Asker: 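I have a structure here, written as structure tokens, and I will follow up with some questions on it.
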Amino acid sequence: MTSPERQPLLHDLSVTLAAPTVVLSAPDGNLDAAAPGAAVQGLFHADVRAVSLLRVTLRPDGDAGGGGDDEDWLPVVAVMNATDGPGRGCFVGLAQALGDAVPDPTVRVDRRRTVTPGRLTEQLTVRSTATTPVHLAVRVEIAGDLVTLDHTKAGLPPRSPAEPTSQLSSGDGLLGWGDKDVEVAVSAPGAVADVKGSTLTWTLTVKPGESADLHLAVEVSDKAAVVTAADPRPTWQRPDITAADHRLPALVAQSLDDLHSLRMATAESPGDTFLAAGIPWFFTLFGRDSLWAARMLLPLGTDLALGTLRTLAARQGTRTDPAAEEEPGKILHEIRRGLFDDGQGLRLPPVYYGTVDATPLWICLLHDAWRWGLATDDIEPLLPALQAALGWIDAAARAGDGFLSYLDSSGTGLANQGWKDSADAARFADGRLAQAPLALAEVQGYAYEAALAGAALLDAFGLPDGERWRTFAADLAERFRARFWVFDQHGPYPAMALDGSGRPVDAVASNMGHLLATGILDTDETAAVAARLAAPDMSDAYGLRTMSSRSGGFGPLRYHCGTVWPHDTAIAVTGLARTGHTEAAARLIEGILAAAPAFDYRLPELWGGDARTDTPAPVPYPASCRPQAWSAASAVALMTALTGLDPDVPAGRLHLRPTGPLPVGMLTVAGLTVRGERLDVTMGSDGRIESVTAPAGLIVEEHPAPRT
């Protein structure tokens, strides 16, 4: 019996990216999708693998005439690889068969990789400290199979390489291939190209103490791409952070590098920048992910929020289409170049609306961007989309017995349509799977917050129905209080969902953490949720577990049932800090900071939910995407939670809610942005505000969050 194809593992890949282009390689810099366990390696551009093989080998005799067997070519032995800023990677390898016959290596190969949108360049530098000249040949094997991303996600082997372009000369260092949409051109000055063998070869003599530089470039064009590069100008201001705990500045710095490389636009609206959700599976517009990431980055400016809001509003649902799950006013889930088929029964159309939370989150982002200073002239064109989104919430609540719920009626879409979207994510406390339609707890919180946010915007811009939406929010809170709260031996808590029969899905899960900042909970309910999140079964991992270690179905490496997701933790931290539960917030912040060095400060999508006392470092989730937009943005969200910033630019106020003793010690954040102007904050280790430099005209009000 053969086993089904498995999704490729990702955690040990080297990633170099500049959206919409990314290179996923082995740690030595080579990529070979045909190698065992390497099916996802390649250079991907806009969901197509343009290069599936890129391998560097050496031959010590320097005979580059094409003779000799493959076994004559020797690998470069990797000793180091590292990121070197956005879109840059560095690899160092040893040529052990070359140079002096001594234990110490005397010939090495440095490989500097640069990725820009649609282009890969590599500089290979052969360095010698040998006592005599070194004669060698350097060969690059390169080819591309032009498969789409869903092919690799399904764990399928690569296809045969595309035929080389016939008109390219075999003697000028050029190779190429393509199809009706994608064209790939490879240049290598000074190399001899073998079109038939898809190789480039240089012959070199490197004298003692000298080096030789070789250059390779790959250009990709794709006329069918639905996503493209963002405007090269910075989308946000980069703050300077000083903290007694060096891990926070290091985490924010790497995160901002990654976020810069994840910036993307659509072909129809190249001036509107959003963040691609993550590498490699989600390297496109995702409603929920792109919205959360933009929301977390508001302290750096509102340009990203505006681009995200506009891009999604342009594709807001206008009709009822069950196949795409489109409905009037609904915000989409994802876009692709064509049908996305993962080989396991999931078949999504190019524009797919199967998400229950993106629509209220769109409203929340618009409202928060307004409070951070998004200009009136930018908001007014989005007001029709706001009204349509509110209309969808109303219709969804009416259809769902007063709650927002979902059901995949097609059988080929997402079974779960909240952020925990794996098929086994919703469980009862005994481990049984919940049956759809499901009404998720956090989605009701988002809807409550969106209703009040929508009401505030409607009032501010002279539109009707503000009071209606405040009434909707109040009624929803009462329904939630009556239906979602359950009890166990440790007391009350909100169930993660209601199932298709209206029964509370009572696993203790992180969903409740998303409720804290929405306002749907009263003071006592907030305290109960904070206590649950702070308990060891949820918080003694490297961050917040998605499910209690005491719940049935828990597993430390189960995608949504026990792992730690940094964005999930950051959302809970934001709510805990805002409601005065600062000790619980600090515990979770420390968990993320403890995890960060293990990933070289590039936070992945998720990691294992093992207790910190059980493992000296977080256990990687082997198929975790990295970098991931909302994981990287979580670093900024944690920083913001520590400062207690809560601006209300329309009211001319800048609220500061000190959170008490800081887990990172003394903290200075200089160069934040509110109302398009600079904001600096310095806090002592005790959490007291020492200085604030705010834009003129904003009244700074310091009032601690309530303590419980």
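Residue numbers count from 1 along this sequence. Since this is a predicted model, take the numbers as computed values, not measurements.
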Asker: Please enumerate all residues that pass side-chain contact (heavy atoms from CB on, under 4.5 Å) together with Arg112, with sequence neighbours excluded.
Answerer: Asp84, Cys90
Asker: Hey, are the side chains of Met80 and Phe91 touching, using non-hydrogen atoms and a 4.5 Å cut-off?
Answerer: no
Asker: Can you run down the side-chain hydrogen bond (donor to acceptor under 3.5 Å, both in side chains) pairs that involve residues 19-34, sequence neighbours left out, and say none if there aren't any?
Answerer: Thr21-His45, Ser25-Arg113, Asp28-Asn30, Asn30-Arg111, Asp32-Arg55
Asker: Which atoms form the tightest heavy-atom contact between Pro620 and Leu557, and what is the distance?
Answerer: O-CD2, 3.9 Å
Asker: Which heavy atom in Leu285 sits nearest to a heavy atom in Ser290, and how many Å separate them?
Answerer: CD1-OG, 3.8 Å
Asker: Which pair of heavy atoms, one from Gly99 and one from Ala130, lies closest together, and at what distance?
Answerer: CA-CB, 3.9 Å
Asker: Kindly compute the distance separating CD (Gln628) from CZ (Phe282), expressed to the nearest 0.5 Å.
Answerer: 6.0 Å
Asker: Can you name the residues that form a side-chain contact (heavy atoms from CB on, under 4.5 Å) with Ala570, not counting sequence neighbours?
Answerer: Met296, Ser634, Ala637, Leu638
Asker: If you apply the rule side-chain contact (heavy atoms from CB on, under 4.5 Å), what do you find for Ser624 with His11, and how did you get there?
Answerer: CA-CA 6 Å; Ser624 180; His11 71 283; 5.8 Å; no
Asker: If I take atom CG from residue Leu256 and atom CD1 from residue Ile241, how far apart are they, to the nearest 0.5 angstrom?
Answerer: 7.0 Å
Asker: Could you pull out the closest heavy-atom pair between Asp145 and Ser52, with the gap in Å?
Answerer: N-OG, 3.3 Å
Asker: Would you call Asp600-Arg602 a salt bridge at under 4.0 Å N-O?
Answerer: no
Asker: Mind checking whether Asp303 and Pro234 have side chains closer than 4.5 Å, heavy atoms only?
Answerer: no
Asker: Quick one: does Leu149's side chain get under 4.5 Å of Arg336's, heavy atoms only?
Answerer: yes
Asker: Is there a side-chain contact (heavy atoms from CB on, under 4.5 Å) between Val182 and Arg49? Walk through the geometry before answering.
Answerer: CA-CA 10 Å; Val182 180; Arg49 181 160 58 194; over 6 Å; no
Asker: Which atoms form the tightest heavy-atom contact between Ala95 and Leu58, and what is the distance?
Answerer: CB-CD1, 3.4 Å
Asker: Checking Leu339 now: which residues fulfil side-chain contact (heavy atoms from CB on, under 4.5 Å) with it, not counting sequence neighbours?
Answerer: Arg347
Asker: For Leu31 versus Leu24, what's the shortest heavy-atom pair and its separation?
Answerer: CB-O, 3.8 Å
Asker: Just grab all the salt bridge (charged side-chain N to carboxylate O under 4.0 Å, His left out) pairs involving residues 12-24, residues at least two apart or on different chains.
Answerer: none
Asker: Who passes ring-ring contact (aromatic ring centres under 6.0 Å, His included) against Phe283, sequence neighbours left out?
Answerer: none
Asker: Got a sec, which residues hit ring-ring contact (aromatic ring centres under 6.0 Å, His included) with Tyr559, two or more places apart in sequence or on another chain?
Answerer: Trp565, Tyr621
Asker: Between the side chain of Lys223 and the main-chain N/O of Lys180, is any donor-acceptor distance below 3.5 Å?
Answerer: yes
Asker: List the residues meeting ring-ring contact (aromatic ring centres under 6.0 Å, His included) with Tyr601, not counting sequence neighbours, and say none if there are none.
Answerer: none
Asker: Check this for me: does any side-chain nitrogen of one of Asp47 and Arg337 sit under 4.0 Å from a carboxylate oxygen of the other?
Answerer: no
Asker: Hey, are the side chains of Leu216 and Leu124 touching, using non-hydrogen atoms and a 4.5 Å cut-off?
Answerer: no
Asker: Should the heavy atoms of other residues, nucleotides or ligands under 6.0 Å from CD of Glu268 be counted, would the total exceed 12?
Answerer: yes
Asker: Are side-chain heavy atoms of Arg288 and Trp630 found at a separation under 4.5 Å?
Answerer: yes
Asker: Check whether any side-chain heavy atom of Pro133 lies under 4.5 Å from a side-chain heavy atom of Pro208, and answer yes or no.
Answerer: yes
Asker: So, the side chain of His151 versus the backbone of Pro157: is there a donor-acceptor pair under 3.5 Å, distance only?
Answerer: yes
Asker: Under the rule for side chain to side chain donor-acceptor pair (under 3.5 Å), what residues qualify as partners of Ser422, not counting sequence neighbours?
Answerer: Asp424, His560
Asker: By the side-chain hydrogen bond (donor to acceptor under 3.5 Å, both in side chains) test, which pairs, at least two apart or in different chains, include something from residues 86-100?
Answerer: Asp100-Thr131
Asker: Do Leu297 and Trp236 come within less than 4.5 Å of each other through their side chains, counting heavy atoms only?
Answerer: yes
Asker: So, using side chain to side chain donor-acceptor pair (under 3.5 Å) as the criterion, who are the partners of Thr266 when residues are at least two apart?
Answerer: Arg315
Asker: Side chains of Trp73 and Glu141: does their closest heavy-atom pair fall under 4.5 Å?
Answerer: no
Asker: Sequence neighbours excluded, which residues qualify as side chain to side chain donor-acceptor pair (under 3.5 Å) partners of Asp110?
Answerer: Arg108, Arg127
Asker: Please report the C-alpha distance between Arg263 and Leu275 in whole Å, then the side-chain angles of each, then the deciding distance to 0.1 Å, and finally whether the side-chain contact (heavy atoms from CB on, under 4.5 Å) criterion is met.
Answerer: CA-CA 5 Å; Arg263 297 176 313 124; Leu275 289 174; 3.9 Å; yes
Asker: Stepwise, does the side-chain contact (heavy atoms from CB on, under 4.5 Å) test hold for Asp257 with Thr83?
Answerer: CA-CA 10 Å; Asp257 282 352; Thr83 58; over 6 Å; no
Asker: For the backbone of Ala617 and the side chain of Tyr542, can you confirm whether one donor and one acceptor N or O come within less than 3.5 Å of each other?
Answerer: yes
Asker: Can you measure from OG1 (Thr57) to CG (Leu136) and round to the nearest 0.5 angstrom?
Answerer: 10.5 Å
